[in-house]
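Residue numbers begin at 1 in each chain, while the letters A, B, ... track the order of the sequences.
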There are 2 protein chains.
Amino acid sequence: MSVNHSLADDLGFLLSRASGVVARSVSDALAPLGLRVRSYSVLALTGEDGAGVTQRRLAVLMGLDPSQVVALVDELESRGLVTRTPDPADRRNKLIVATEQGCQVRSQAQQLVDQAHSGYFARIPQGDLDRLRHVLQQIAFPDETPTEHEAETSTAGE
Amino acid sequence: MSVNHSLADDLGFLLSRASGVVARSVSDALAPLGLRVRSYSVLALTGEDGAGVTQRRLAVLMGLDPSQVVALVDELESRGLVTRTPDPADRRNKLIVATEQGCQVRSQAQQLVDQAHSGYFARIPQGDLDRLRHVLQQIAFPDETPTEHEAETSTAGE
DNA sequence: TATTGTTATACTCTATAACTATA
DNA sequence: TATAGTTATAGAGTATAACAATA
């Protein structure tokens with residue numbers, strides 16, 4: 001399994017290159033909104049649960065150290081895009097919720113991100129993209145049992 | 001194509017997460033050899049052409065700015081793993097060639113990288129990995145016509 | 001004692017401009 | 001002039017340890 005390596009065939013290298021290409025494109029697309037990939041991710045995640053997300057959960061979901069989340073939330077909060085309120089049930093938790101303005105910026109951002117993505121993904125068949133998504137999820141979250149939030153994608157082909 | 005975003009389904013996000021997971025693992029695996037992902041890539045690329053590789057070409061292949069290549073080559077050169085000699089045909093070019101010791105370290109490194117990769121890729125069917133590689137190449141090198149430098153590898157795939 | 005968030009710090013990675021030497 | 005390499009620098013991303021507030 002380790003014969004005649006060409007770096008252009010190395011999956012780790014290709015992941016890094018592809019990730020960089022897309023991230024740069026997304027970053028450029030988000031610049032007009034004053035967002036970067038990370039702050040966009042935070043904003044996107046705050047929209048997935050109306051009750052709010054704890055910073056700890058943001059860190060887990062984004063694969064970051066909790067200390068890195070602080071500055072991201074600080075910035076969004078100072079711009080009035082999210083609020084940071086202690087959870088009444090457990091005051092150690094801070095619940096991050098998008099403001100109305102934050103929701104507006106988020107949907108604008110999602111459009112821009114989609115445009116940027118389409119520049120790279122549009123030419124690739126939808127089935128390939130679905131398989132790509134599935135495989136990437138396996139790599140990115142190796143511990144997750146796929147049946148948890150995935151039950152429909154059954155590749156099992158050829 | 002842009003409905004009901006969940007970040008866990010966002011290809012850009014998944015690329016970044018997966019890339020980070022694998023890169024960290026590879027980086028840890030290479031630590032005993034005093035290499036990081038970047039320096040390993042340089043070393044790997046020097047092995048693909050016996051005549052040597054120019055720094056400019058390294059920069060293009062790795063998607064880096066030429067100025068970033070300098071420090072990488074400096075480090076490998078100071079460790080005696082590569083040599084940096086002016087091209088007699090065009091003395092602006094510096095040809096980077098792996099030394100004998102560099103070749104030894106490279107093959108050790110490739111084994112370690114393979115082990116690290118297998119931790120993530122082994123459970124994924126080979127056909128899926130081939131498709132993944134192909135799609136990633138399209139994303140990472142959108143301008144390339146795949147037949148250009150893929151004519152000789154003839155991996156008997158598809 | 002354990003957990004959430006926070007601060008501080010250091011290191012790596014990335015991006016850019018200006019300089020040199022060769023062509 | 002144009003290109004390959006180099007230097008310098010600033011910003012963004014990443015990793016770690018220590019601390020305060022709360023459970």
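Heavy-atom distances under 4.0 Å link DNA chain C to A:Thr54, A:Gln55, A:Arg56 of residues 40-57 of chain A, given in residue order.
Defined by atom type and a distance below 3.5 Å, a donor-acceptor pair is missing between the side-chain atoms of B:Gln138 and A:Asp128.
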Apply salt bridge (charged side-chain N to carboxylate O under 4.0 Å, His left out) to the pair A:Glu75 and A:Arg36, showing each step before the final yes or no.
-> CA-CA 11 Å; A:Glu75 189 197 330; A:Arg36 276 161 304 198; 3.3 Å; yes
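B:Leu64 has its CG atom 16 Å from the C1' atom of D:dA4, to the nearest Å. In this entry the distance linking CZ of A:Arg38 with P of D:dG11 reads 19 Å, nearest Å. Between the C1' atom of C:dT22 and the CZ atom of B:Arg92 lies a distance of 6 Å, rounded to the nearest Å. In this entry the distance linking CG of B:Leu72 with P of D:dG5 reads 13 Å, nearest Å. Atom CG of A:Asp74 and atom P of C:dA8 are 12 Å apart (whole Å). Atom CG of B:Asp87 is separated from atom P of D:dT3 by 17 Å (rounded to the nearest Å). As a whole-Å value, the separation of B:Asp90 CG from C:dA21 C1' is 11 Å. Computed from coordinates, the A:Asn93 CG to C:dT6 P distance equals 11 Å when rounded to whole Å.
Proximity of A:Arg91 to the phosphate of C:dT4: no side-chain N or O atom is located under 4.0 Å from OP1 or OP2. Side-chain N/O atoms of B:Arg36 include one lying less than 4.0 angstrom from OP1 or OP2 on C:dT12. At the phosphate of D:dA21, neither OP1 nor OP2 sits under 4.0 Å from any side-chain N or O atom of A:Lys94. Using a 4.0 Å cut-off, some side-chain N or O of A:Arg84 falls inside it from OP1 or OP2 of C:dT6.
Of the listed nucleotides (D:dT14, C:dT14, C:dT7), D:dT14 has the atom at the smallest distance from the side chain of B:Arg24. Closest to the B:Val70 side chain, of the nucleotides D:dG5, D:dA15, C:dA17, is D:dG5.
Mapped onto DNA chain C by nearest heavy atom, A:Ser16 and A:Gln68 fall at different nucleotides, with A:Gln68 at the one closer to the 5' end. Map A:Val37 and A:Ser67 each onto its nearest nucleotide of DNA chain D; the residue landing nearer the 5' end is A:Val37.
Counting heavy atoms from C-beta on, the side chains of A:Val135 and A:Ile139 come closer than 4.5 Å. Considering only heavy atoms from C-beta on, A:Leu11 stays 4.5 Å or farther from B:Val22 through its side chain. Residues A:Leu35 and A:Leu43 have side chains in contact (heavy-atom distance under 4.5 Å, counting atoms from C-beta outward). Residues B:Glu48 and A:Ser6 form a side-chain contact, since some pair of their non-hydrogen atoms from C-beta on lies under 4.5 Å apart.
Look at B:Arg84 and B:Asp74 and you find a salt bridge, because one of the NZ, NE, NH1 or NH2 atoms lies within 4.0 Å of a carboxylate O, short of that distance.
If you check every strand for non-hydrogen atoms under 4.0 Å, B:Asp65 touches a base.
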